[in-house]
Amino acid sequence: EAGVAQSPRYKIIEKRQSVAFWCNPISGHATLYWYQQILGQGPKLLIQFQNNGVVDDSQLPKDRFSAERLKGVDSTLKIQPAKLEDSAVYLCASSLESPTSYEQYFGPGTRLTVT
Amino acid sequence: LAKTTQPISMDSYEGQEVNITCSHNNIATNDYITWYQQFPSQGPRFIIQGYKTKVTNEVASLFIPADRKSSTLSLPRVSLSDTAVYYCLVGDGFSGGYNKLIFGAGTRLAVHP
């Protein structure tokens with residue numbers, strides 16, 4: 001079974017530039033998550049999709065971050081404009097639809113450096 | 001909002017049992033407590049989850065007291081390859097129809113020869 005795919009793996013941009021990350025979840029997984037993980041910290045949920053719909057985006061900085069999940073499969077996360085504090089690893093995860101189980105499968109992440 | 005607390009780091013030796021506790025208050029009453037393992041430059045990997053009492057799988061056990069205010073991940077007979085960061089994950093209760101997912105800050109386990 002193929003895992004969660006993410007690209008790119010690394011990205012370096014200057015502040016105020018824009019960047020986009022792509023995620024392809026495991027086939028059949030209805031739920032998709034984007035996390036931000038700053039060095040030395042636990043992952044912080046940015047947005048959770050259930051199929052096409054957004055379940056939770058309460059911690060997504062909506063003035064600069066946006067995300068979409070087209071046709072309930074692939075997803076993109078965009079930052080525009082980037083700030084220095086956005087330097088982090090952006091993790092995508094997917095799971096089967098379950099309201100109480102948190103067994104998620106994570107991709108390798110995209111390491112973003114903002115200079 | 002739920003809050004989790006884990007020890008920042010722990011040290012152990014090969015062959016020993018390691019217990020990592022996560023304290024969590026105000027969590028959802030009706031869903032699982034989940035633990036993940038993360039190696040450098042990789043995404044977290046699911047280890048185990050449970051709702052109450054004790055759960056055991058091929059790699060770990062999870063102990064959850066009746067009040068669900070904490071959970072303890074038990075790794076039997078650790079090896080060098082268990083050196084990693086361990087996170088607990090909880091939901092903070094339904095708000096608007098969903099659980100807000102909260103990862104702990106992680107416990108860095110170092111296993112020595």
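First the proteins, then the strands, lettered A, B, ... as listed; each starts at 1.
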Item to complete: Grab the two heavy atoms, one from A/Leu91 and one from B/Gly43, that are nearest each other, plus how far apart they are.
Response: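 Heavy atoms only, the tightest pair is CD2-CA, 3.9 Å.
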Worksheet item: Which atom pair, heavy atoms only, marks the closest approach of B/Ser41 to A/Arg111?
Response: OG-NH2, 4.4 Å
Worksheet entry | For A/Tyr10, the rest of its hydrophobic cluster, which grows through side-chain links under 4.5 angstrom | none
Discussion item. Suppose a student defines contact as a heavy atom less than 4.5 Å from any heavy atom of chain B. Which residues in residues 30-46 of chain A would they list?
Written reply: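 Result: A/Tyr33, A/Tyr35, A/Gln37, A/Gly40, A/Gln41, A/Gly42, A/Pro43, A/Leu45.
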Practice prompt. Using a 4.5 Å cut-off on heavy atoms from C-beta on, say whether the side chain of A/Glu103 contacts that of B/Thr34.
Written response: no
Discussion item. Does any backbone or side-chain atom of B/Val90 lie under 4.5 Å from a heavy atom of chain A? Answer side chain, backbone, both or neither.
Written reply: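 Just the backbone, heavy atoms under 4.5 Å.
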Any chain of hydrophobic side-chain contacts (each under 4.5 Å) joining [X] to [Y]?
| X | Y | result |
| --- | --- | --- |
| B/Ile47 | B/Ile102 | yes |
| A/Ile47 | A/Val55 | no |
| B/Val55 | B/Ile64 | yes |

Heavy-atom neighbours of [X] [atom1] exceed 12 at 6.0 Å:
| X | atom1 | value |
| --- | --- | --- |
| B/Gln16 | CD | yes |
| A/Lys71 | NZ | no |
| A/Leu84 | CG | yes |

Could you give the side-chain donor-acceptor pairs of residues 11-23 of chain A under 3.5 Å, partners two or more places apart or in another chain?
unit_1: A/Gln17; atom_1: OE1; unit_2: A/Glu14; atom_2: N; d: 2.9
unit_1: A/Trp22; atom_1: NE1; unit_2: A/Asp74; atom_2: OD2; d: 3.1

Worksheet item: Highest number of heavy-atom pairs under 4.5 Å with chain A: which of B/Gln38, B/Gln42, B/Arg45?
Response: B/Gln38
Worksheet item: Is the centre of the B/Tyr36 ring less than 6.0 Å from the centre of the A/Phe106 ring?
Response: yes
Practice prompt. Not counting sequence neighbours, which residues clear ring pair (Phe, Tyr, Trp, His ring centres under 6.0 Å) with B/Tyr13? List them please.
Written response: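 So B/Tyr13 forms a ring pair (Phe, Tyr, Trp, His ring centres under 6.0 Å) with B/His112.
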